[in-house]
Number of protein chains: 2
Amino acid sequence: MVLSETIFAGEGVSGAPVDGAGAEPTLRQQAVLDAALALIVDPKATLTMSSVARAASCSKESLYKWFGDRDGLLTATVQWQAARVRGVPLSGGAFDRERLVESLERFAADWLTVLTGDTSVALNRLAVGEAAGAGGGRNLGRIVLENGPVAMGRRLTPVLELGLKAGLIAFADAGEAFRDFFGLVVRDVQIRLLLGDRLQLAPSDIRADASRATRHFLALYGVDERPERPSNASKGKE
Amino acid sequence: MVLSETIFAGEGVSGAPVDGAGAEPTLRQQAVLDAALALIVDPKATLTMSSVARAASCSKESLYKWFGDRDGLLTATVQWQAARVRGVPLSGGAFDRERLVESLERFAADWLTVLTGDTSVALNRLAVGEAAGAGGGRNLGRIVLENGPVAMGRRLTPVLELGLKAGLIAFADAGEAFRDFFGLVVRDVQIRLLLGDRLQLAPSDIRADASRATRHFLALYGVDERPERPSNASKGKE
DNA sequence: TTAGTACCGTACCGTACGTTACGGCGGGTC
DNA sequence: GACCCGCCGTAACGTACGGTACGGTACTAA
């Protein structure tokens with residue numbers, strides 16, 4: 001049906017570099033995506049093609065030319081936001097217990113900060129809502145999932161492996177260890193936010209939560225002053 | 001606007017008992033709510049007033065008479081589903097470590113079973129989606145929240161208090177302890193399900209997860225063979 | 001029999017929104 | 001200047017859906 005090539009269908013019109021799953025949006029398109037993002041985050045605004053066009057001062061015709069359809073626009077918006085969250089790499093050096101704690105705490109704090117942000121809540125809401133229908137925007141959920149828990153795991157796993165190799169922590173499955181860390185960090189915060197619960201964590205709260213999660217995680221997986229502890233690392237079945 | 005009294009506005013038309021926040025729906029209305037629930041759960045069905053009327057073999061006029069508007073129907077449906085999940089009380093008796101572990105494991109297993117069910121996923125999706133807009137169905141999120149994490153906490157807290165009084169576990173704040181247990185049980189399961197991730201836990205998986213969560217929770221809060229442990233219960237600031 | 005009640009089925013209305021089409025404008029190129 | 005191209009602004013179309021109105025039917029009660 002759509003005969004014009006969008007930024008997701010094959011090679012882009014302009015000579016933009018291709019990374020992963022599509023061409024880079026042009027500056028104009030980035031402005032449009034930012035406008036869409038603002039509309040998604042704004043609680044008293046509705047996200048329609050018309051509202052995006054109005055907010056971005058562009059025509060709906062351009063929206064359809066650039067993004068194909070509504071789902072394409074949403075997908076591009078989510079990817080656009082996801083692209084700017086990357087980072088926070090782990091600085092190298094000697095890896096002792098001090099640095100492990102620092103890495104975990106920083107990680108948990110960063111994660112909680114992102115998670116409780118308006119943008120993250122709005123995008124997760126959007127993706128969850130879109131994941132309901134059968135044939136609809138099936139991509140959104142996967143994209144958010146990929147840039148949410150999965151990305152967090154990908155970024156944390158090297159830290160855990162370093163801690164394992166340094167003899168600071170012990171686990172059979174890094175994935176399981178990560179999921180426990182995830183649970184200790186996030187707890188019920190995300191679902192409460194998604195369900196509309198007013199709940200804003202001040203930076204001091206986030207720091208305290210990150211510290212507590214790290215402490216608890218190390219209490220479960222740490223090999224400090226308690227060598228024998230068959231309770232956590234023994235389930236090596238998966 | 002609506003001049004007819006619905007099952008939520010004041011005393012019900014029929015002499016139904018009132019419990020908490022509204023009258024009990026009649027049998028016919030219960031059938032309608034079941035039909036709505038089935039539509040919500042069905043991934044390839046859309047929930048509209050017309051589809052509910054068609055599925056329940058009733059007229060839309062009756063829907064509006066009984067439930068006021070779409071939001072009232074959704075609210076009644078969520079409450080109807082929530083009403084049938086209650087239960088699983090804790091059986092009395094001597095409370096030793098054995099029974100604490102059993103209670104926690106049973107609790108975690110029940111919770112995971114409900115959480116990963118199609119109905120729970122669908123209702124949470126619905127509530128999350130409805131929590132997006134500004135003036136829309138502001139109740140749904142609160143209802144699901146109330147019958148989800150909050151209800152879980154209300155049901156688990158007595159168990160924790162018993163464990164505390166029996167000297168089996170130690171904590172300063174039962175709410176914080178519960179939230180840690182929540183995180184250890186749920187981890188990333190719920191958000192992954194909500195985002196559309198295929199992920200079904202077999203009963204054996206659920207049992208294993210419940211056991212692991214309980215083990216980890218007791219490793220954090222238990223006072224078994226390690227009396228000194230300043231890491232978990234010392235943060236008594238809130 | 002008649003009136004009243006509760007309900008079903010369906011047609012209908014207004015609106016919101018996704019999608020398409022069209023007119024106009026500015027900025028390049030020959 | 002003539003032409004084309006990309007884009008803006010807006011009108012228009014089709015559909016989906018929330019909400020309302022109305023006729024028809026079964027049942028009850030006087």
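When reading the values below, keep in mind they use all heavy atoms of this one structure, side chains included, and skip hydrogens, waters and symmetry mates. A note on names: the letters A, B, ... follow the listed sequences, proteins ahead of strands, and every chain is numbered from 1. Here the structure is a predicted model, which is why all the values come from computation and not from measurement.
In this structure, B/L74 places its CG atom 12 Å from C1' of D/dG18, rounding to the nearest Å. The distance between atom CG of A/D69 and atom P of C/dG18, rounded to the nearest whole Å, is 11 Å. Rounded to an integer number of Å, the gap from NZ of B/K65 to C1' of D/dA21 is 13 Å. Regarding B/Y64, its OH atom lies at a distance of 4 Å from the C1' atom of D/dG19, rounded to whole Å. To the nearest angstrom, P of C/dT20 lies 15 Å from CZ of A/R70. Regarding B/L47, its CG atom lies at a distance of 8 Å from the P atom of D/dG18, rounded to whole Å. When rounded to the nearest whole Å, the span between CG of A/L73 and P of C/dG18 equals 10 Å. For the pair B/D71 CG and D/dG19 C1', the interatomic distance rounds to 14 Å; values are reported in whole Å.
Side-chain contact between B/V121 and B/T116 is absent, with no heavy-atom pair separated by less than 4.5 Å. A heavy-atom distance below 4.5 Å is not found between the side chains of B/L33 and B/Q81. Using a 4.5 Å cut-off on side-chain heavy atoms (C-beta onward), A/V32 and A/W80 make no contact.
Side-chain atoms of A/E61 and base atoms of D/dC7 include no donor and acceptor less than 3.5 Å apart. With hydrogens and angles ignored, no donor-acceptor pair under 3.5 angstrom links the side chain of A/K60 to the base of C/dG18.
Distance from the side chain of B/S57 is smallest for C/dG9 among the nucleotides C/dG18, D/dC7, C/dG9.
Nucleic acid contact for A/S50: none, since no nucleic acid atom lies under 4.0 Å from a heavy atom of the residue.
When each of B/L73, B/T77, B/D71 is tested with B/T75 by the rule side-chain contact (heavy atoms from CB on, under 4.5 Å), just one qualifies, namely B/D71.
Contact annotation: A/T48 does not reach the phosphate of C/dC17 (side-chain N/O to OP1 or OP2, under 4.0 Å). The side chain of B/W66 places no N or O atom within less than 4.0 Å of a non-bridging phosphate oxygen (OP1 or OP2) of C/dA6. Between B/R28 and C/dC8 there is a side-chain polar atom (N or O) within less than 4.0 angstrom of OP1 or OP2.
In this structure a side-chain-to-backbone donor-acceptor pair under 3.5 Å is missing from A/R207 to A/E105.
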